[in-house]
Each structure stands twice: as structure tokens, then as C-alpha cells.
Protein chains: 2
Amino acid sequence: MKLGTKGRYAVMSMVDIACHDDKEAVSLNDIATRTEISLPYLEQLFMKLRKSGLVTSVRGPGGGYKLARPSNNIRISDILLAVDVQIHTTRCEPNSAMGCRINHGRCLTHDLWDAMGRQMALFLNSVTLEDVVQGRLIEKSMHHVKKEEQENILKVVS
Amino acid sequence: MKLGTKGRYAVMSMVDIACHDDKEAVSLNDIATRTEISLPYLEQLFMKLRKSGLVTSVRGPGGGYKLARPSNNIRISDILLAVDVQIHTTRCEPNSAMGCRINHGRCLTHDLWDAMGRQMALFLNSVTLEDVVQGRLIEKSMHHVKKEEQENILKVVS
DNA sequence: TCAATAGTTGACTATTTTACTCGGATATTG
DNA sequence: CAATATCCGAGTAAAATAGTCAACTATTGA
């Protein structure tokens with residue numbers, strides 16, 4: 001289970017723009033240089049970000065992209081959705097052949113993956129671009145984790 | 001970002017075993033029939049589950065696998081780790097070229113993905129096989145989510 | 001002891017997804 | 001009109017996933 005470059009790059013680029021003055025547009029070339037993401041790939045991503053209404057574009061020399069809304073009004077989940085990064089935890093579509101046969105047709109594990117997906121979605125909904133830029137993440141994450149758990153978490157999350 | 005069949009099947013199979021009497025072993029053939037997972041694939045998975053000490057095997061006719069510990073002592077994260085399903089949210093290994101260049105070498109998004117990974121790990125650590133078998137998941141997940149958020153969560157989690 | 005059952009093991013292949021690249025078109029500025 | 005930048009569709013290479021295959025070993029019961 002891993003987060004690919006698409007979602008990661010999209011958020012990185014949006015953070016990059018959010019770090020700049022709202023007045024002037026940021027060109028993909030600049031972002032490409034700073035983040036070391038290839039220009040054509042960025043173009044692909046920003047096509048989607050624009051169509052989802054998260055950024056506005058300015059063409060021609062001196063052009064680039066600006067945030068369409070204040071950074072405290074753009075959630076990380078908005079960005080991920082824009083570039084088609086979704087969280088797929090289950091395969092239990094209605095009437096599907098796969099996965100839902102244990103215990104007389106009821107799928108016990110469905111609820112598990114569903115709960116996990118919701119957990120993640122809640123988190124991604126709760127964090128805004130502004131939060132990331134200002135380093136306000138430890139608060140959103142939880143503090144007091146037991147020593148013994150710490151170790152295991154590192155293994156799981158890698 | 002999606003959960004593959006490996007992790008899903010491993011947990012499904014473990015749930016299947018947990019649903020049976022502890023005294024008699026459950027054969028992979030039975031699990032394959034009930035879950036519609038192919039036998040060779042199950043063999044591959046159970047090799048790892050056994051080597052990680054989550055199940056014990058009994059060879060010969062009437063043989064199969066049993067849980068090595070009570071189901072309330074097997075966490076979902078244990079199962080996922082056993083079959084090499086980890087959560088990869090960052091690529092920021094020390095001295096890596098990728099991803100950590102914005103803002104004078106400090107990677108703002110690193111904390112974000114890190115927090116998200118921890119969030120998931122905490123959840124998977126908190127749920128045991130017994131919880132899943134007994135349908136005790138809504139408690140572990142959160143209840144009161146605002147109406148407006150519900151809709152967005154469905155989009156993100158898909 | 002023999003046949004059937006069931007786990008053990010390593011290697012191999014097909015499919016799908018991801019992560020890109022490429023070529024060209026269009027708009028804007030100086 | 002030339003340089004800069006966004007727009008857009010299609011195509012490709014690499015990696016990860018999902019699953020197969022063949023052969024071997026241990027155990028049980030007739």
C-alpha cells in the first residue's frame with residue numbers, strides 16, 4: 001500500500017505555489033527546477049488541478065499558475081481527488097464475484113477496510129495546504145503514543 | 001493508493017480460520033473454496049504467515065493451519081507485515097535525490113505523509129482479528145462525522 | 001506398505017498500474 | 001514575430017502485482 005508520485009508531486013507543487021506571493025503566477029518551469037519533477041509530468045498534473053478548479057492559469061510570458069482559493073480553503077483531499085488519487089481499500093462492489101463469501105455471504109473484512117479508508121479520508125480532509133505550509137501537522141496527528149507502539153508503527157509505515 | 005489482494009486475502013483467510021474451532025486445523029483447500037482464492041496463491045501467503053509465527057501448520061490428511069495465538073492477540077498490522085504489505089507514504093530516504101528540496105532543503109510535505117502513515121498504522125495496530133470476527137469495528141472507527149464530510153469521504157475512499 | 005491428502009518450496013509468467021515522454025497547438029507579452 | 005508558457009492527446013518503458021506450475025516432503029488411514 002503506497003502513495004505514488006502523482007499524489008505526492010501534486011501536493012508538493014501546490015505547497016510550492018502556496019509558499020509564493022498570491023499576486024504573481026508561478027511557472028511550471030520554476031516548480032520543475034525547485035522540485036526536480038519533469039516539466040511534461042507537471043503539465044499533466046496541472047491540467048487536472050486546473051480542471052478541478054484548484055488553480056487558475058495565466059498564459060504567455062510571465063504566466064504560470066495561482067491558487068484559485070486561499071490555502072486554508074484547499075484540503076489535501078481536494079488535491080488528491082483532482083489528480084485521481086483515491087483510496088481503494090475494498091473490492092466489494094455490489095454483485096462482484098470477489099471477496100465477499102465468508103460467513104453466509106456477509107463479508108467480515110469489508111467493514112475493516114471500509115473503516116480504514118474512512119480513517120484516512122478523515123485525516124486528509126482535516127488538513128489544509130496552509131496547515132502543511134505552516135508545519136501545523138503534529139497537532140492534527142496524535143501525540144501520546146506508547147513507547148511499545150512506536151516501534152511497531154515504524155515497521156508498518158516504513 | 002490502494003490495498004492489494006495480498007493483504008486483503010491474508011486477512012480474509014485469517015478471519016476464516018479464526019471463525020473455526022481452535023482444535024482442528026483448517027486446510028487451504030477449504031479456505032480456497034470458501035473465499036474463491038486460488039490454492040497456489042494461498043500457499044504462497046501461508047508460507048509467510050507461518051514463518052512470521054502467526055499460524056502453525058499440520059501436515060498430512062486432516063491437516064491444515066491453526067492460529068498460533070488467540071485471535072485477540074493478533075493485530076491486523078501483524079498479518080499485513082507478515083505478507084510484506086507496508087505503508088509507503090514518503091520517498092524521503094536520507095540523502096535521496098527525490099522530493100525534499102522545497103524551502104531550503106526542508107521537505108514540508110514529508111511531515112504530512114508521515115503523519116498520514118502513522119494515522120493508518122495506529123488504526124491497524126488497534127484492531128485485532130477478534131475485533132473483525134465479532135464485528136467490533138464501528139467503535140474503533142469514529143461515529144459522529146458531519147453530514148457534509150460524509151459525502152466527501154465517500155469520494156476520497158471510493 | 002501404499003495411496004491419498006496436504007503442506008513446502010522455488011521459479012516463472014502474465015497482467016496491470018505507474019510513471020513518465022513526445023510532438024505539436026494555442027495564447028500572451030514585449 | 002519571436003520568445004515564453006500553458007494546453008492537449010497519445011504513446012511507451014519500467015515496475016509492481018497477481019497468480020501459476022512443477023516437484024517434493026510429511027502424515028494418516030486402509
Side-chain angles (χ1 to χ4, degrees), chain A residues 1-13 17 24-33 35-66 68 80 83-89 91 97-99 158, chain B residues 1-13 17 24-33 35-66 68 80 83-89 91 97-99 158:
Chain A
M1 187 145 211
K2 76 176 201 203
L3 179 74
T5 57
K6 215 166 41 171
R8 184 181 305 113
Y9 289 173
V11 174
M12 278 176 67
S13 310
I17 295 180
E24 55 198 29
V26 181
S27 79
L28 292 190
N29 241 315
D30 289 354
I31 298 179
T33 306
T35 61
E36 292 181 339
I37 302 168
S38 85
L39 180 58
Y41 200 24
L42 279 175
E43 286 173 344
Q44 211 183 61
L45 296 176
F46 273 82
M47 201 57 47
K48 294 180 174 179
L49 292 170
R50 186 178 57 85
K51 284 181 179 162
S52 297
L54 294 182
V55 294
T56 56
S57 65
V58 181
R59 295 174 81 143
Y65 292 92
K66 295 190 229 180
L80 295 179
V83 295
D84 306 316
V85 172
Q86 280 171 310
I87 297 164
H88 290 283
T89 50
R91 258 191 194 169
M98 288 307 309
S158 134
Chain B
M1 186 145 211
K2 76 176 203 203
L3 178 75
T5 57
K6 214 166 43 171
R8 189 180 7 255
Y9 289 174
V11 175
M12 278 176 66
S13 309
I17 295 180
E24 54 197 29
V26 180
S27 79
L28 291 191
N29 241 314
D30 290 352
I31 298 179
T33 305
T35 61
E36 293 181 339
I37 302 169
S38 84
L39 181 59
Y41 200 25
L42 279 175
E43 285 172 345
Q44 212 184 60
L45 297 176
F46 273 82
M47 201 53 49
K48 294 181 174 178
L49 292 171
R50 186 177 57 85
K51 284 181 178 161
S52 297
L54 295 182
V55 295
T56 56
S57 63
V58 181
R59 296 175 79 143
Y65 291 92
K66 294 190 228 180
L80 295 179
V83 294
D84 305 316
V85 171
Q86 279 172 311
I87 296 166
H88 290 283
T89 50
R91 259 190 194 169
M98 287 307 311
S158 132

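Sequence lines set the chain letters: A, B, ... in the order given, protein chains first and strands last, and positions in each chain run from 1.
- Distance from the side chain of Lys6(B) is smallest for dA18(D) among the nucleotides dT29(C), dA18(D), dG7(C).
- Here the C1' atom of nucleotide dT8(C) and the NZ atom of Lys48(B) are 15 Å apart, to the nearest Å.
- Evaluation of the salt bridge (charged side-chain N to carboxylate O under 4.0 Å, His left out) rule for Lys48(A) yields Asp84(A) as partners, not counting sequence neighbours.
- When the side-chain nitrogen and oxygen atoms of Tyr65(B) are compared with OP1 and OP2 of dT8(C), one or more of them lie within a distance under 4.0 Å.
- Applying the 4.0 Å criterion to OP1 and OP2 of dA5(D), one finds that Arg50(A) has every side-chain N and O outside that range.
- In this structure, the CD1 atom of Ile31(A) is 12 Å from the P atom of dA5(D), given to the nearest Å.
- The NE2 atom of His88(A) lies 12.0 Å from the CE atom of Met1(B); values are rounded to the nearest 0.5 Å.
- In terms of phosphate contacts, Ser57(B) brings a side-chain nitrogen or oxygen within less than 4.0 Å of OP1 or OP2 of dT8(C).
- The interatomic distance linking Met1(B) (CE) with dA16(D) (P) rounds to 15 Å, in whole Å.
- Out of dT4(D), dA4(C), dT8(C), the shortest distance to the side chain of Met47(B) is found at dT8(C).
- Atom CD1 of residue Ile17(B) and atom CZ of residue Phe46(B) lie 4.0 Å apart, to the nearest 0.5 angstrom.
- Considering only residues two or more places apart in sequence or on other chains, Thr5(B) meets the side chain to side chain donor-acceptor pair (under 3.5 Å) condition with Tyr41(B).
- Note that CD1 of Ile37(B) and CZ of Arg8(B) are 9.5 Å apart. Values are rounded to the nearest 0.5 Å.
- For dA19(C), one of the phosphate oxygens OP1 or OP2 lies less than 4.0 angstrom from a side-chain nitrogen or oxygen of Thr5(A).
- Mapping Lys2(A) and Val58(A) onto DNA chain D via the closest heavy atom, the residue that lands nearer the 5' end is Val58(A).
- One donor-acceptor pair, N or O on each side, does fall under 3.5 Å between the base of dT20(D) and the side chain of Gln44(B).
- Protein atom CG of Leu42(B) is 14 Å distant from nucleotide atom P of dA18(D), rounded to whole Å.
- Spacing between atom CG of Asp30(B) and atom P of dA6(C) amounts to 7 Å, rounded to whole angstrom units.
- As a whole-Å value, the separation of Ile37(B) CD1 from dG19(D) P is 9 Å.
- Between Glu43(B) and Asn29(A), the residue anchored nearer the 5' end of DNA chain D, judged by the nucleotide with its closest heavy atom, is Asn29(A).
- What separates CD of Gln86(B) from P of dT17(D) is a distance of 11 Å, to the nearest Å.
- Applying the 3.5 Å distance criterion, the base of dT26(C) shares a donor-acceptor pair with the side chain of Arg59(A).
- Of the candidates dC20(C), dT6(D), dG19(D), dC20(C) carries the atom nearest the Tyr9(A) side chain, counting heavy atoms from C-beta on.
- Look at CZ on Phe46(B): it is 12 Å from C1' on dG7(C), rounded to the nearest Å.
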